Amino acid sequence: MSESRILVIDDNATRAERIGTVLDFMDLTPSVHGCVSDLALERRDPQDWLAIVIGDIADESAFKNFLQWLRRDPLHPPVLALPTHHYEGAEKFGLNESNFWPLDYPIKQPQIADLLRRSSIKHLQDAEAAEMPRGGPTGASAPVQQLRRMIDQVANFDTTVLITGESGTGKEVAARAIYERSSRRNGPFVAVNCGAIPADLLESELFGHEKGAFTGAITSRKGRFELAEGGTLFLDEIGDMSMPMQVKLLRVLQERSFERVGGDQTIRCNVRVIAATHRNLEDSITKGSFREDLFYRLNVFPIEMPALRDRREDLPALVDALTKQLAKSGRGNVSLTAEALTTLNAYAWPGNVRELSNLVERLAVLHPGGTVRARDLPSRYRANIELPIEEDVVAVDSDVAAVPPADLLPNDGLDLKEHIAGIEMRLIRAALERANGIVAHAAQLLCLRRTTLVEKLRKYGMSRECDMILTTEA
Amino acid sequence: MESKLTVLLVDDHEGFLNSAKRHFRNVPWIDIVGQALNGLEAIAKTEQLKPAVVLMDLAMPEMGGLQATRLIKAQTEPPYIVIASHFDDAEHREHAARAGADGFVSKLNYVQEVMSLLANVRGSLAHV
């Protein structure tokens with residue numbers, strides 16, 4: 001119910017009650033207070049509220065504490081300020097203008113409804129942005145290095161980029177990495193998932209609409225192209241776009257201008273478009289569901305995202321990055337045993353990095369502060385149970401698939417010495433990869449002396465592999 | 001007799017849960033197998049009760065509906081998840097779809113929208 005939880009602080013009792021009634025009527029259970037000292041802030045989190053309406057202040061010093069409490073959370077809910085504060089409020093309260101929204105009084109229902117709708121969207125966006133990995137793709141495998149090179153190559157040109165690849169391979173991460181490395185990095189980055197928006201709403205989402213353009217258009221609204229002005233627009237799942245919308249998009253890409261729905265004024269735009277899809281657009285063209293001319297407009301600089309099963313060697317580094325990020329954002333601290341990692345390494349990862357990321361987050365939530373063993377993984381990740389996956393793995397890395405989960409004794413027994421050696425080799429290899437082939441760093445990861453590790457490399461005949469990693473890195 | 005559609009209700013508002021339960025009690029093919037008051041509880045109960053459908057509130061304390069949806073979808077054979085939101089617009093629907101939700105309903109028109117979705121799920125399960 002936190003979406004329906006609005007905090008109202010106003011010493012003007014009549015006004016506070018009226019605002020409370022409006023919110024009640026909208027089914028958005030408000031919590032109305034004359035003075036902030038009524039609130040037990042120590043037991044509260046700013047995120048408990050969707051928005052905070054501020055009117056007359058009863059107790060200045062208590063209010064100061066309240067503001068301090070609010071500012072401690074950089075993603076705090078927006079403050080809806082009543083007219084007394086419109087002109088100097090943000091500065092006086094020490095709040096960022098972008099989180100300080102003027103609210104008129106007497107209350108106008110469409111205005112407050114729109115502000116609260118936007119508060120809810122902001123809440124969802126903040127949560128999503130906090131999850132999005134920064135700095136581009138993780139890992140040191142050859143496919144990822146190639147990917148990084150392409151991102152660096154294209155970032156500073158304003159060309160349209162088409163990112164393809166299976167679902168969950170991190171197309172948005174790549175798009176953001178391009179944006180962050182481009183000269184547009186100080187402009188906005190706006191993402192739209194064309195597949196998730198009903199076809200009849202997509203046009204007004206992208207291009208905006210004028211008041212009265214259709215039933216329900218009670219105010220005029222900017223579309224995502226306008227919101228992305230001077231920045232980058234990421235059009236995800238472009239392959240799901242309807243043919244009529246494709247025509248409209250093609251026109252914007254060609255002419256750099258568009259009209260809002262129900263509007264006749266042509267709006268010029270300066271937006272870099274990065275499009276992405278999990279579909280094979282060439283197939284879609286053959287089937288007649290994607291326009292060839294649009295494809296060539298988009299396909300100026302194609303980037304294909306590697307599937308996780310083609311870059312398994314990045315798995316330990318990815319798990320490491322994901323657990324660190326979760327811990328940093330206070331969403332749980334978890335670590336995986338070597339056996340758990342080996343088990344995950346043998347899984348096919350149809351959902352790619354997103355699947356891995358969701359799994360690691362789930363583990364962090366279910367095992368807070370704990371260590372996850374192979375047997376704690378959901379059954380589908382325990383490799384040997386799923387035979388087709390095993391076959392798949394054999395083709396990629398016979399070494400990994402041949403070994404049963406490290407802590408299970410097969411029915412017909414095993415050669416313990418060989419089994420342990422296998423585990424040791426895999427961990428050494430993982431450490432070397434994570435340390436970019438630098439033996440001294442890999443030794444640290446394994447709590448070994450450098451000389452001990454060198455000896456083990458020689459014993460297992462892995463010295464050459466180590467050289468190879470060094471040369472690919474260079 | 002055909003089996004009932006098992007449903008887990010997730011909402012932090014007891015009043016909402018109670019009125020939803022009162023309604024579903026009169027529907028012979030729906031079996032409310034449990035309820036959860038936030039996303040964290042929803043994950044645990046989904047694993048324990050294995051419902052066919054989870055009706056999930058969007059915004060709740062502790063853990064919201066979108067995060068819970070993503071994490072429930074990481075389990076083996078996840079249920080069909082419907083997000084219920086006070087705000088119904090393209091952005092909210094987009095966020096729900098990105099989290100992996102299978103359906104979206106407006107809380108302002110909850111019963112009507114949920115019933116038609118559940119009827120569809122029941123139909124598709126019957127064909128399997």
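For the numbers below, each heavy atom of this structure counts, side chains included, while hydrogens, waters and symmetry mates do not. Chain naming here is simple, since letters A, B, ... match the order of the sequence lines and numbering starts at 1 in each. Since this is a predicted model, take the numbers as computed values, not measurements.
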Apply side chain to side chain contact (heavy atoms under 4.5 Å, CB included) to the pair A:Leu201 and B:Asp89, showing each step before the final yes or no. CA-CA 9 Å; A:Leu201 294 181; B:Asp89 58 14; over 6 Å; no
Side chain to side chain contact (heavy atoms under 4.5 Å, CB included) between B:Met63 and A:Val365, intermediate numbers included: CA-CA 10 Å; B:Met63 184 193 285; A:Val365 164; 3.8 Å; yes
Passes side chain to side chain contact (heavy atoms under 4.5 Å, CB included), B:His95 versus A:His123? Steps please. CA-CA 11 Å; B:His95 278 281; A:His123 185 80; over 6 Å; no
Report the C-alpha separation of B:Lys73 and A:Glu355 in whole Å, then their side-chain angles, then the decisive distance to 0.1 Å, and conclude whether the salt bridge (charged side-chain N to carboxylate O under 4.0 Å, His left out) test is met. CA-CA 9 Å; B:Lys73 285 291 183 183; A:Glu355 186 181 1; over 6 Å; no
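In this structure a side-chain-to-backbone donor-acceptor pair under 3.5 Å is missing from B:Glu94 to A:Ala196. Using a distance-only test at 3.5 Å, with no hydrogens or angles considered, a donor-acceptor pair links the side chain of A:Arg380 to the main chain of B:Gln75.
Closest heavy-atom contact between A:Asn358 and B:Leu71: O-CD2, 3.5 Å. Minimum interatomic distance between B:Ile72 and A:Arg362 (heavy atoms only, all atoms of both residues): CA-NH1, 3.9 Å. Residue B:Phe87 comes nearest to A:Leu50 through the heavy atom pair CE1-CD2, 4.0 Å, listed as atom of the first residue, atom of the second, then distance.
B:Lys21 NZ: more than 12 foreign heavy atoms inside a 6.0 Å radius.
No part of B:Asn38 comes within reach of chain A, as not one of its non-hydrogen atoms sits under 4.5 angstrom from that chain. Of the two parts of A:Arg224, only the side chain, counted from C-beta on, holds a non-hydrogen atom closer than 4.5 Å to a non-hydrogen atom of chain B. Neither the backbone nor the side chain of A:Leu363 comes within contact range of chain B; no heavy atoms are under 4.5 Å apart. Heavy-atom distances place both the backbone and the side chain of A:Ile121 under 4.5 Å from chain B.
Among A:Leu202, A:Leu359, A:Leu124, the residue making the largest number of heavy-atom pairs under 4.5 Å with chain B is A:Leu124. Contact count versus chain A (heavy atoms, under 4.5 Å) is highest, among B:Ala96, B:Ala44, B:Ala90, B:Ala97, for B:Ala90.
Considering CZ of A:Arg117 and CG of B:Asp88, their distance stands at 10.5 Å, rounded to 0.5 Å.
Look at A:Glu128 and B:Arg70 and you find no salt bridge, because none of the NZ, NE, NH1 or NH2 atoms lies under 4.0 Å from a carboxylate O.
Between B:Thr76 and A:Arg382 there is no side-chain heavy-atom pair separated by less than 4.5 Å.
Side chains of A:Gln125 and B:Glu91: a donor-acceptor N/O pair is absent below 3.5 angstrom, by distance only. The closest side-chain donor-acceptor pair between A:Ser120 and B:His86, if any, does not fall under 3.5 angstrom.
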